[in-house]
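What follows is a short report on a single structure.
Below, read A as the first sequence line, B as the second, and so on, with proteins coming before strands; counting in each chain starts at 1.
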There are 4 protein chains.
Amino acid sequence: MTTPSKNSSERRAHLVQLAGDLFAEKGFRATTVRNIAEAAGILSGSLYHHFDSKESIGDEILSAFLDDVLAGYRSAVASTDDPRKAIEEIVRSSTATLSRHRAALTMLQNDWSYFSAQPRFGYLRTAMKEIEQTWVEQLERGKQTGVFRADLDARLVYRLLRDILWIPTSWRPSKGAGWSTDEIVDGLLRLLFDGITA
Amino acid sequence: MTTPSKNSSERRAHLVQLAGDLFAEKGFRATTVRNIAEAAGILSGSLYHHFDSKESIGDEILSAFLDDVLAGYRSAVASTDDPRKAIEEIVRSSTATLSRHRAALTMLQNDWSYFSAQPRFGYLRTAMKEIEQTWVEQLERGKQTGVFRADLDARLVYRLLRDILWIPTSWRPSKGAGWSTDEIVDGLLRLLFDGITA
Amino acid sequence: MTTPSKNSSERRAHLVQLAGDLFAEKGFRATTVRNIAEAAGILSGSLYHHFDSKESIGDEILSAFLDDVLAGYRSAVASTDDPRKAIEEIVRSSTATLSRHRAALTMLQNDWSYFSAQPRFGYLRTAMKEIEQTWVEQLERGKQTGVFRADLDARLVYRLLRDILWIPTSWRPSKGAGWSTDEIVDGLLRLLFDGITA
Amino acid sequence: MTTPSKNSSERRAHLVQLAGDLFAEKGFRATTVRNIAEAAGILSGSLYHHFDSKESIGDEILSAFLDDVLAGYRSAVASTDDPRKAIEEIVRSSTATLSRHRAALTMLQNDWSYFSAQPRFGYLRTAMKEIEQTWVEQLERGKQTGVFRADLDARLVYRLLRDILWIPTSWRPSKGAGWSTDEIVDGLLRLLFDGITA
DNA sequence: GATGAATGAGTCTTCATTCAT
DNA sequence: AATGAATGAAGACTCATTCAT
């Protein structure tokens with residue numbers, strides 16, 4: 001388990017990991033290829049043995065993230081008929097997913113205008129649309145069945161909730177008094193369902 | 001035509017405004033000096049008659065923002081003894097402030113790692129500390145007086161609330177089905193105080 | 001006449017000239033942007049104040065050349081009804097044109113595969129087609145009117161003649177025993193019309 | 001399977017062949033070692049088991065070509081006393097040689113400045129000198145014996161004829177309405193000896 | 001105040017080459 | 001013989017900044 005065949009793909013995955021950490025820390029554009037190479041202890045040109053461009057590294061990170069998110073959303077929706085449970089499931093799956101893809105989220109938040117302008121990253125818009133649809137559908141159904149307040153603006157609530165959900169991911173792990181993912185989620189869900197008032 | 005010195009400072013303010021819009025749109029680092037100059041209809045070199053560096057433009061935008069925020073926080077706290085009212089006031093003042101400083105906030109979110117690493121922008125950390133202290137103080141007082149739930153983790157709630165509060169600012173005005181600032185704040189406050197359940 | 005307003009466009013033209021000389025000497029691809037900049041006594045990055053890419057310099061040189069060639073061909077054809085005179089006129093105009101565009105021709109010969117593969121240089125193919133058509137038309141008409149041998153393969157002769165015509169341009173001016181353009185053309189025309197035999 | 005050493009040299013010859021095709025197509029410098037390796041179905045590093053550098057492949061191609069050309073010239077001159085026959089023989093031998101060494105000729109035409117500047121390829125200049133001498137000698141003898149026009153500039157005619165002779169080699173085989181080598185040579189010789197006029 | 005030319009450091013990327021396995 | 005990882009030098013291009021006019 002410790003020293004198996006360190007394949008090409010493992011090396012590659014390691015490099016993606018390193019790159020992701022840097023992207024999460026300073027943003028995609030602000031991270032130079034040299035930064036990544038230095039983190040890996042090689043020269044910048046050597047990265048091109050593994051990837052054909054900086055963007056293809058970004059691509060790998062982003063598409064893996066969105067695949068994961070969408071999978072979670074789909075299975076959340078498929079698992080129940082109760083909108084409230086579906087939302088809860090979406091939140092829980094998001095949290096798990098997000099902690100695995102901190103880099104991707106930071107990239108999306110920081111460099112959205114950069115990525116979304118490129119045809120290569122067209123799937124970003126597609127995926128975001130599916131995410132929005134999923135939320136809005138569950139919220140609307142909840143309104144109809146009386147689980148949620150009838151006066152909610154589903155799209156507005158979606159935007160707020162989605163962004164709220166994505167907040168903790170961007171918190172640096174270095175932040176001294178760190179909270180565990182679970183603590184954060186609990187705090188969040190409590191806030192969402194119950195508010196802060198006693 | 002009337003007062004040359006005023007014209008000069010107006011011109012300058014206009015340039016800062018233009019720069020800010022671009023910073024908000026694409027981030028500070030991703031915006032080039034040429035972008036700003038083009039928006040102003042001049043050549044990039046000419047900007048240096050008004051500012052001695054790109055960073056000094058950023059400085060102007062960021063410090064104006066933080067001055068405004070802190071002023072709002074201080075007067076919110078000074079205006080009442082009731083922690084809940086103080087928090088409400090902080091939220092309301094934040095919203096007003098933020099809509100006036102969209103660029104600054106985007107810069108802080110996008111390029112925080114860049115700015116915070118530079119001595120020149122040391123005041124950013126100082127200001128953020130005061131902001132945190134203000135929130136935490138009011139939350140703790142609310143817990144003691146029983147207005148807020150006793151089990152709240154003040155710092156965690158602060159981080160969540162502050163970031164939640166800052167979310168809508170980053171929403172592009174171009175977003176088709178746009179909401180007014182008031183709608184967003186109402187939605188937000190309702191979410192915070194009451195949750196989404198019926 | 002000696003020191004007029006050294007406009008921006010003159011500077012630019014001078015740089016194109018320098019670049020062209022280098023392209024003619026070593027080919028387009030083999031010439032680096034640094035080579036050009038050094039020839040101009042500036043740094044390579046400074047070239048981008050005048051051109052937005054190396055290719056745009058090439059574009060300028062190539063399109064100017066083809067415009068010139070086609071103009072010559074068109075006026076040659078328009079000037080007479082006699083195919084032999086038309087061909088003669090084409091040859092003479094070519095020679096004049098070619099001596100003014102040595103760089104362009106070398107680029108076309110050396111790096112044709114590079115340019116012709118790019119959409120940006122699509123006009124190259126278009127222009128070459130018009131050139132071929134012009135030759136073939138005159139040759140065919142000459143065959144019909146009996147001025148040229150009836151057994152000529154017009155396209156083959158065109159290819160041979162065009163390439164023959166373009167040969168001397170690629171001769172380096174440095175070649176010690178240089179011939180004047182006129183000498184070369186005379187030798188060429190004589191060869192073409194009369195052969196080498198006594 | 002039978003004779004490993006032969007297999008080895010066959011493999012090597014095959015690689016040279018592949019490289020030559022690419023050189024002929026895009027030029028020596030524009031062809032990357034990776035291009036060659038890919039054509040051979042191996043990785044670029046593996047080529048270095050067969051050759052110690054890209055240049056040594058070029059060397060192999062160029063020297064084989066020049067050896068062949070010179071052999072042809074020498075035997076052409078040795079075979080007759082009649083300058084016209086000698087020239088004819090040179091033309092015929094060239095044609096045969098050239099069709100076997102398309103790559104070499106393209107390399108010479110495209111990247112002459114690159115090769116001729118390197119000591120390693122010093123033999124290129126030596127060989128070209130012998131080629132020139134051979135032509136000039138036969139032309140001068142023809143002038144003296146009255147076979148050729150007395151007013152020919154031997155060196156000029158040599159340059160023209162040599163380059164003319166080399167033209168068809170650079171024509172891509174892909175050119176739709178392709179002509180056979182024989183057709184081309186016939187067209188050429190006819191042009192040279194008789195001109196195009198009826 | 002603005003222009004236009006230039007700088008110099010840095011960005012992503014390419015490529016011939018090396019070498020341990 | 002070949003692979004796969006790496007090197008190091010170079011290439012095209014970008015950008016904040018400077019400065020004479």
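- In this structure, A:His49 and D:His50 both approach DNA chain F, and ranking their closest nucleotides by distance from the 5' end singles out D:His50.
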Q. Given Watson-Crick or G-U pairs with both distances under 3.5 Å, what dot-bracket string fits DNA chain E, with | for other-strand pairs and [ ] for crossing?
A. .||||||||||||||||||||
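- Taking the side chain as every heavy atom from C-beta outward, A:Phe121 and A:Glu55 approach each other to under 4.5 Å.
- Counting non-hydrogen atoms under 4.0 angstrom, A:Thr31 reaches the backbone sugars and phosphates but no base.
- Put simply, B:Arg11 has a side-chain N or O that comes within less than 4.0 Å of OP1 or OP2 on E:dA2.
- Within the 6.0 Å centre-distance limit, the rings of C:Phe115 and C:Phe28 are counted as a close aromatic pair.
- For F:dT17, one of the phosphate oxygens OP1 or OP2 lies less than 4.0 angstrom from a side-chain nitrogen or oxygen of B:Tyr48.
- Looking at heavy-atom distances under 4.0 Å, C:Ser53 makes contact with sugar-phosphate atoms alone, never a base.
- When the salt bridge (charged side-chain N to carboxylate O under 4.0 Å, His left out) test is applied to D:Asp111, no partner is found at least two apart in sequence or on another chain.
- Under the side chain to side chain donor-acceptor pair (under 3.5 Å) rule, D:Lys26 has a single partner from D:Asn35, D:Thr31, D:Thr106, D:Asn110, which is D:Asn35.
- Judged by closest nucleotide on DNA chain E, A:Asn35 is the one of D:Arg34 and A:Asn35 placed further toward the 5' end.
- Here A:Leu43 lies in heavy-atom contact (under 4.0 Å) with a base.
- Ranked by how close their nearest DNA chain E nucleotide is to the 5' end, A:Ser44 and B:Gly41 are led by B:Gly41.
- Inspection of the B:Tyr123 and B:Asp59 side chains reveals an N or O donor paired with an N or O acceptor under 3.5 Å.
- Across all strands, C:Ser46 comes closer than 4.0 Å to base atoms (heavy-atom distances).
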